[in-house]
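In what follows, a single structure is set out as structure tokens and then discussed.
Computed from a predicted model, the values in this text were never measured in an experiment. In what follows, chains are A, B, ... by sequence order, proteins preceding strands, each numbered from 1. Atoms considered below: every heavy atom in the structure, side chains included; atoms not considered: hydrogens, waters and symmetry mates.
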Amino acid sequence: MKLSPEYFQQNDVVALAKDLIGKHLYTSIDNQLCSGIISETEAYAGIGDKACHAHLGRFTKRTRVMYKTGGIAYVYLCYGIHHLFNIVTNQKGVADAVLIRGVIPVEGIETMLKRRKKDKITSQLCSGPGNFTQAFGITKTHNSHSVCSQQIWLKDHCIEANKIKATPRIGIDYAEEDALLPWRFVGDFEGI
DNA sequence: TAGGTGATCTTG
DNA sequence: AAGATCACCTAT
């Protein structure tokens with residue numbers, strides 16, 4: 001079943017990041033259907049989280065979308081090259097989001113290979129936040145776009161991970177003590 | 001392990 | 001206005 005906007009408006013972004021492991025993510029972009037099982041996420045908990053772009057209430061052209069009502073995408077350019085895809089969560093005014101860091105490819109693998117300029121499937125096809133967005137055709141043009149739409153949507157018909165591991169988040173060493181929070185979730189889908 | 005790339009934030 | 005930094009990836 002397609003996930004509704006209300007699903008993304010839950011107020012516990014860490015629980016939601018964990019719950020998203022095993023959900024089925026779809027894009028239909030440039031007429032190419034791609035889908036995969038979400039295997040890796042990170043929670044970013046708004047203005048009180050030193051790792052979050054909206055820390056201390058930063059409200060800029062880039063971060064403003066994080067304050068909107070949950071159920072839309074926050075896509076931004078990282079290191080000048082990579083488009084990183086987050087799902088904005090919680091209620092209007094709360095700047096929480098979940099970063100999607102990797103999926104297990106299911107449908108549209110030919111399209112993914114072409115977008116990634118690869119000729120073989122490897123474990124890295126959709127793994128890593130920049131690799132995943134490239135494979136699925138997600139770019140900054142999808143910023144602020146609904147994730148319950150015709151172009152991007154999620155489904156619940158579920159695959160349960162064998163195990164879900166919680167670890168510190170990646171690439172946020174600047175976030176001092178918050179860098180240690182176990183808010184990254186990795187699903188083990190070995191043998192599924 | 002270094003370098004690419006550009007938006008954003010910080011400093012003078 | 002310039003310089004540093006940054007939720008990364010690829011190839012040497």
_Whole angstroms only, please: what is the CG-P distance between A/Asp173 and C/dT5?_
13 Å
_Residues A/Tyr174, A/Glu176; criterion side chain to side chain donor-acceptor pair (under 3.5 Å); working and verdict_ = CA-CA 6 Å; A/Tyr174 60 89; A/Glu176 302 170 24; over 6 Å; no
*Apply the test salt bridge (Lys or Arg N to Asp or Glu O under 4.0 Å) to residues A/Asp156 and A/Lys23: give CA-CA distance (whole Å), side-chain angles for both, the deciding distance (0.1 Å), then the verdict.*
CA-CA 5 Å; A/Asp156 197 13; A/Lys23 298 284 188 280; 3.2 Å; yes
_Nearest-angstrom distance from the residue atom CZ of A/Arg58 to C1' of C/dC6_ = 11 Å
*Going by distance alone, is a donor N or O of one side chain under 3.5 Å from an acceptor N or O of the other, for A/Gln151 and A/Ser149?*
no
*For DNA chain C, write out the stems as range with range, using runs of 3 or more consecutive Watson-Crick or G-U pairs with both distances under 3.5 Å.*
B:1-4 with C:8-11, B:6-11 with C:1-6
_Rounded to whole Å, please give me the gap between CZ in A/Arg169 and P in C/dC6._
14 Å
*A/Phe85 and its side-chain contact (heavy atoms from CB on, under 4.5 Å) partner, picked from A/Val98, A/Ile152, A/Thr27, A/Leu99*: A/Ile152
*Do A/Thr133 and A/His82 pass the side chain to side chain donor-acceptor pair (under 3.5 Å) test, and can you show the C-alpha distance, the side-chain angles, and the key distance before you say yes or no?*
CA-CA 8 Å; A/Thr133 54; A/His82 302 107; over 6 Å; no
*Around A/Glu177, counting heavy atoms of other residues, nucleotides and ligands shown, do more than 12 lie under 6.0 Å from its CD?*
yes
_Protein-to-nucleotide contact annotation, 5' to 3' order, nucleotides 7-12 of chain C [B base; S sugar-phosphate only; - none; under 4.0 Å, heavy atom]_ = BBSS--
*Does a side chain donor of either A/Gln134 or A/His83 reach within less than 3.5 Å of an acceptor in the other side chain?*
no
*Fit a plane to each ring of A/His53 and A/Tyr74, take the angle between them on a 0 to 90° scale, and name the class: parallel (under 30°), tilted (30 to 60°) or perpendicular (over 60°).*
perpendicular
*Enumerate the residues from residues 10-27 of chain A whose closest heavy atom to DNA chain C is under 4.0 Å, giving them by residue number; use none for an empty result.*
none
*So is A/Lys165 actually on top of A/Phe185's ring, under 6.0 Å and inside 45° of the axis?*
no
*Figure out the NZ/P separation between A/Lys50 and C/dC6, and round it to whole Å.*
14 Å
*asked:* I need the CG-P distance between A/Leu56 and B/dC9, as an integer number of Å.
replied: 12 Å
*Is the side chain of A/Arg116 donor-acceptor paired with the backbone N or O of A/Phe132 at a distance under 3.5 Å, no angle test?*
no
*Flag the pair A/Ile72 / A/Thr69 as yes when at least one side-chain heavy-atom distance between them is below 4.5 Å, and no otherwise.*
no
